[in-house]
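Each remark here refers to the structure printed beneath this line.
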Amino acid sequence: MPITDRSPAPSGFTRRFIDLAGGYWTGEKKWTVRLLTGALGLLTVGQVVVPILINLWSQRLFDALEQRSMDRFMTMIAAVGGIILFNIANTILHLRVKRRLQLGWRTWLTDRLLNDWLSRGRQHQVTYLPGDHDNPDGRIAEDIRISTEVAIDLGLSLSYCAMLLISFTNILWMLSGAPEVTVLGLTFHAHGYLLYIALLYAAVGTTIALVMGKPLVNAVNRRQGHEASFRFGLARVRENAQSVALLHGESGERNRLFGLFQGVRRGWIGQTHALSNMMIFSATYSVLSSAFPILVAAPSYIAGHISLGVLMQTAQAFQQTVGALSWPIDNLARAAEWKASVERVLGLHEALQRLDREIGGEGTERIVVDRTDDERWLSFTNLSIADPDGRRVLEPFTLEIRPGERVLISGDPAAAVRLFRAVARVWPWGSGRIALPAHTRVFFMPERPYLPHDTLRAALSYPVGPEMVGDTAARAAMERVGLSHLIPQLDETDAWDEILAVPEQQRLGFARLLIRKPDWIFVEDATDSLDPVSEEAMLRLVDEEFPRATLITIGSHAGLEAHHRRKLVLDRIGDSVRLREELCGDRERMAAAVAD
């Protein structure tokens with residue numbers, strides 16, 4: 001069945017973000033988180049207190065200077081010392097609490113998304129879905145960091161500006177007084193005129209900034225997409241460095257990566273143009289904001305209505321009010337970057353949710369894989385396999401494989417690999433039922449074993465921990481598969497997927513098999529890089545060490561038939577693949593042929 005999103009249209013951006021990340025404040029550690037949030041709010045209030053104190057201090061300082069009073073001047077020096085000490089303590093506490101909250105939120109959201117992504121094969125299945133969810137590594141590592149850190153920074157700065165605005169609005173209103181203004185012969189008192197001028201000034205500036213900043217938001221979104229694609233391309237080359245080197249593909253990879261970097265370059269240039277236009281306004285606005293309040297209040301000082309201290313206090317209050325109202329201007333670029341990162345995190349999260357709905361939803365046609373006590377063998381009942389878009393890969397068939405059998409699967413490789421993945425519960429697309437007996441150990445050997453960047457012992461024991469494999473068992477397994485020369489390096493950490501040759505990696509896969517001792521063994525072209533003698537040695541090892549285990553192998557090498565009794569052939573006929581069964585050749589004859 002094709003994957004289609006039958007969910008309701010997503011709600012607004014804010015609602016989607018809260019649904020994804022808001023659970024941090026309602027989870028298991030909600031009281032600790034809420035306590036930290038409350039403490040951060042109080043410390044933000046403390047940050048607002050500092051400019052209010054400075055504003056009052058400034059008025060008294062300049063009045064003292066105007067009156068040439070040394071006593072009051074010395075008092076102001078002591079007062080500013082106290083303000084500095086308070087600001088230092090408040091700032092340090094604010095930083096520590098904020099960063100603890102940021103790290104906790106990032107940890108919680110990373111854990112949530114990793115659990116969704118690395119669960120039931122979703123990290124593999126989601127790659128087949130259409131939509132904006134590429135480069136999941138970058139989304140989890142970088143975009144979650146930006147989404148959480150910047151969200152708290154923006155929230156705090158907005159709260160700070162809101163409280164600052166409330167405080168200095170009151171101060172500016174009181175400082176404005178009620179001067180008489182005559183217009184067309186009519187005289188009236190302009191209560192709080194400085195506040196109205198500040199509001200009008202900030203409103204005009206914010207409106208211009210938002211209009212000029214819209215291209216910047218789009219430029220940031222485009223650049224982040226290009227940056228993510230470039231990082232992913234670099235990671236791919238790093239992961240496949242050995243293959244690229246062996247094939248001397250450096251030139252092609254350079255061209256491909258440089259092509260991706262050209263997208264980064266275009267994104268950078270586009271953002272530069274948008275920033276340049278924004279800076280024209282910002283440069284004008286920042287200088288004017290320093291001079292404008294003094295120019296507005298200066299006539300009252302010249303007329304003798306206010307003192308020098310009140311003039312400076314008025315100018316500072318005007319600047320603080322305009323600064324608070326200018327929050328959209330100051331944070332537009334960062335808010336654009338944050339929104340782009342949140343959209344990328346939401347894209348991955350919603351793709352995983354859509355995948356769960358399509359695979360696990362009622363009425364969805366999918367492959368059912370069971371492990372029950374009722375089954376004594378592997379059975380396929382009316383099983384058909386499809387691609388995620390609904391195109392059928394393998395026509396329906398019914399089949400049983402009994403314990404201890406040796407079955408070889410050959411023919412169409414795409415259908416064979418998808419059949420293995422279906423048994424492993426990571427390929428749900430299709431219909432029918434697969435049943436395995438419960439309480440049996442199943443082991444899948446892919447063409448290339450995954451080797452974590454860890455000790456060689458950890459690579460041998462994967463996916464369980466290295467502490468589960470003792471020295472005796474590890475040495476015996478390594479010697480049995482012809483890797484005794486690596487035994488001294490068992491506890492060394494390195495990039496084994498780059499150090500070991502491909503044949504050595506495949507031998508390590510067989511050593512891993514010896515450690516796990518499964519009842520059902522699924523082998524996917526795991527001997528294709530071995531020479532005929534080595535391949536025969538590994539297959540004989542399986543025969544000798546696991547005489548009662550069930551072996552199911554994907555492969556087309558002639559030597560494989562000597563070690564299997566049944567053969568399932570996947571024949572491609574036109575656009576479909578059909579399964580037929582035949583017996584393998586006589587075991588002794590085939591073994592003799594291999595020996596010759």
Side-chain angles (χ1 to χ4, degrees), residues 117 123-130 132-142 222-269 344 348 387-388 412-418 420-421 426-427 444-454 456 458-459 462 482-483 485-486 489 492-510 512 523-532 534-535 538 554-557:
W117 184 54
Q123 74 280 3
H124 168 70
Q125 296 161 356
V126 75
T127 60
Y128 293 94
L129 266 66
D132 179 25
H133 50 77
D134 59 341
N135 306 334
D137 51 330
R139 294 171 191 254
I140 294 173
E142 183 66 10
R222 288 192 297 270
R223 183 191 167 195
Q224 281 194 288
H226 290 307
E227 293 279 7
S229 297
F230 183 55
R231 287 195 304 268
F232 183 73
L234 290 170
R236 287 284 295 167
V237 173
R238 176 181 55 80
E239 291 168 359
N240 298 277
Q242 180 175 285
S243 299
V244 173
L246 291 174
L247 295 172
H248 301 290
E250 292 86 353
S251 177
E253 293 303 319
R254 278 198 307 271
N255 292 336
R256 187 176 297 107
L257 290 174
F258 193 71
L260 292 173
F261 184 75
Q262 289 305 307
V264 174
R265 184 174 178 273
R266 289 192 299 272
W268 179 273
I269 292 173
R344 288 174 55 76
L348 178 59
D387 276 337
D412 188 84
V417 169
R418 282 162 173 74
F420 263 36
R421 292 175 182 174
V426 297
W427 192 270
F444 287 86
M445 290 183 63
E447 184 177 2
R448 300 286 183 274
Y450 170 67
L451 305 179
H453 190 96
D454 205 329
L456 186 57
Y462 187 86
L483 295 177
H485 60 286
L486 295 175
Q489 304 177 60
E492 293 183 12
T493 299
D494 219 322
W496 297 107
D497 56 338
E498 298 177 9
I499 292 175
L500 299 181
V502 176
E504 288 179 312
Q505 294 181 34
Q506 291 194 330
R507 286 176 179 268
L508 188 63
F510 281 93
R512 189 180 285 172
V523 180
E524 178 190 332
D525 284 322
T527 60
D528 63 343
S529 294
L530 300 175
D531 61 80
S534 298
E535 180 183 52
M538 294 299 102
I554 293 177
S556 56
H557 299 172

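Among residues two or more places apart in sequence or in another chain, the side chain to side chain contact (heavy atoms under 4.5 Å, CB included) test is passed with Ala414 by Asp412, Arg418. Scanning for side-chain hydrogen bond (donor to acceptor under 3.5 Å, both in side chains) contacts around Asn255 gives an empty result, with sequence neighbours left out. Partners of Arg256 according to the salt bridge (charged side-chain N to carboxylate O under 4.0 Å, His left out) rule, which considers only residues two or more places apart in sequence or in another chain, are Glu253. With sequence neighbours left out, the side chain to side chain contact (heavy atoms under 4.5 Å, CB included) criterion links Glu535 to Thr527, Leu530, Leu539, His557, Leu560. Evaluation of the salt bridge (charged side-chain N to carboxylate O under 4.0 Å, His left out) rule for Arg507 yields no partner, not counting sequence neighbours. Partners of Trp427 under the ring-ring contact (aromatic ring centres under 6.0 Å, His included) rule, at least two apart in sequence or in another chain, are Tyr128, Trp429. For Glu504, the salt bridge (charged side-chain N to carboxylate O under 4.0 Å, His left out) criterion is met by no residue, not counting sequence neighbours. Partners of Arg344 under the side-chain hydrogen bond (donor to acceptor under 3.5 Å, both in side chains) rule, at least two apart in sequence or in another chain, are Asp143. In this structure Leu260 satisfies the side chain to side chain contact (heavy atoms under 4.5 Å, CB included) test together with Ser229, Phe230, Leu257, sequence neighbours excluded. For Arg231, there are no side-chain hydrogen bond (donor to acceptor under 3.5 Å, both in side chains) partners two or more places apart in sequence or in a different chain. Residues satisfying the salt bridge (charged side-chain N to carboxylate O under 4.0 Å, His left out) criterion with Arg421, sequence neighbours excluded, are absent altogether.
Taking every heavy atom of both residues into account, Arg512 and Tyr462 meet most closely at CD-O, 3.4 Å. Heavy-atom minimum distance, Trp117 versus Ile140: CE3-CD1, 3.7 Å.
How far CD of Gln505 is from CG of Asp497: 6.5 Å, rounded to the nearest 0.5 Å.
For the pair Leu500 and Leu483, the minimum side-chain heavy-atom distance is 4.5 Å or more. The closest side-chain heavy-atom distance from Ile554 to Val523 is not below 4.5 Å.
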Point to revise | Derivation of the salt bridge (Lys or Arg N to Asp or Glu O under 4.0 Å) call for Arg254 and Glu250 | key: CA-CA 6 Å; Arg254 278 198 307 271; Glu250 292 86 353; over 6 Å; no

For residues 444-454, which side-chain donor-acceptor pairs fall under 3.5 Å, sequence neighbours excluded?
{"unit_1": "Arg448", "atom_1": "NH1", "unit_2": "Asp528", "atom_2": "OD1", "d": "3.4"}
{"unit_1": "Arg448", "atom_1": "NH2", "unit_2": "Ser529", "atom_2": "OG", "d": "3.2"}

